[in-house]
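To keep things clear, I will list the structure first and then write my remarks on it.
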Amino acid sequence: MRLPTTHRRDVTEETFAAVLLDSDSTLVDSGAAVERSWAGWARRYRVPVERLGDTHGMPSRRSIARIDRELGLGLDLDAAGATFDALELDDLEGVVALPGALEALEVLGARGAVVTSAGRELAGARLRAAGLPTPTVLVSADDVALGKPDPGPYLEGAARLGVDAARCLVVEDSVAGVRSGRDAGAATLALLTTTPADRLGEADLVVPDLSAVRFTVGAGGVRVSLRR
C-alpha cells in the first residue's frame, strides 16, 4: 500500500541516517548491456522487442512473468529467468561508473548501501567492472520476496543497516525505484540518467546525476547539498 503524500521533503534540509542507492543507471552505466541482454532473450523466445514493455528498474523475473502473462507464452518462468541471468552475466562490455558514483560510495562508507533489482552475482560483477567498491550492505533481487516497485527492497536495506527507512535517502533513476523508496517511507533523490523529469514527479529532488550533489558525513548522519 502506498503511503499518502501531502508535500515534498526538502532533502537539503535533513540529516539522514543512511543513503540507499540503486546500482544500474544510478552508480553504474549498464544500459547498453541490459538492452543487448533483453534483445538476446527476446530472440531466444521469439518475442518482438517492441512487445517487451517497460522492464527498467524492476527484477528481470518480474518483467518476464508480466511478458509471459500479457503475451500468453506459457513459459517455464524459472528456465526463462535463468536464460536471462546467463545473458546478463556474459555481457559486461561497456559497463562503467557514472559521474559522481565513486565519490559518493567512498564518502558514504558504512552510511551507504546498494539496493538493486539485479541478482547478487550480477550486481557485484557490474560494480567490479565499473571499478566501484561493493558496500558491506547490498540488497539484491535474491534477498526479497517482491522487488521494486514494492517497498520491500528499501525496507530491507534500512533494516540491514539498523536504521529506520523514514530516516534514509533513496537514490534512484527509475519510476519503479522512486516509488519503492517513497512507499518505504524514505526521502527520494532521482537522477535523470534514464528517465525524463516529467516521469519522476514523485521524487523529492531531481538532478542530472550524482555529480550534481555532495554528501557530507558527520557524527549525526549524512547531509546532502547541491553543487553550484
Would [X] and [Y] show up in the same hydrophobic cluster when neighbours are defined by side-chain heavy atoms closer than 4.5 Å?
X	Y	value
V175	L52	no
V114	L169	yes
Y45	V49	yes

Query raised in the report: side chain to side chain contact (heavy atoms under 4.5 Å, CB included) with D68: which of V47, D76, L77?
Result: L77
I'd like to know if [X] pairs up with [Y] as an ion pair, taking the criterion as any Lys NZ or Arg NE/NH1/NH2 lying under 4.0 Å from an Asp or Glu carboxylate oxygen.
X	Y	answer
R36	D91	yes
R126	E88	yes
D78	R61	no

**Report entry** Nearest heavy-atom neighbours spanning W41 and L87
**Finding:** N-CD1, 3.5 Å
Query - Closest non-hydrogen atom pair, V107 against V217 - result: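 Looking at all heavy atoms of both residues, the closest pair is O-CG2, 3.4 Å.
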**Report entry** Side chains of D173 and T195, donor plus acceptor under 3.5 Å
**Finding:**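 Note: D173 and T195 side chains miss the donor-acceptor criterion.
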Query raised in the report: Does one side chain, of T55 or W38, offer a donor that lies under 3.5 Å from an acceptor on the other?
Result: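 A donor-acceptor contact under 3.5 Å links the two side chains.
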Report task. Report yes or no: does D142 contribute a side-chain atom to a donor-acceptor pair with the main-chain N or O of R120 at less than 3.5 Å? Result ->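 Here the side-chain-to-backbone pair exists.
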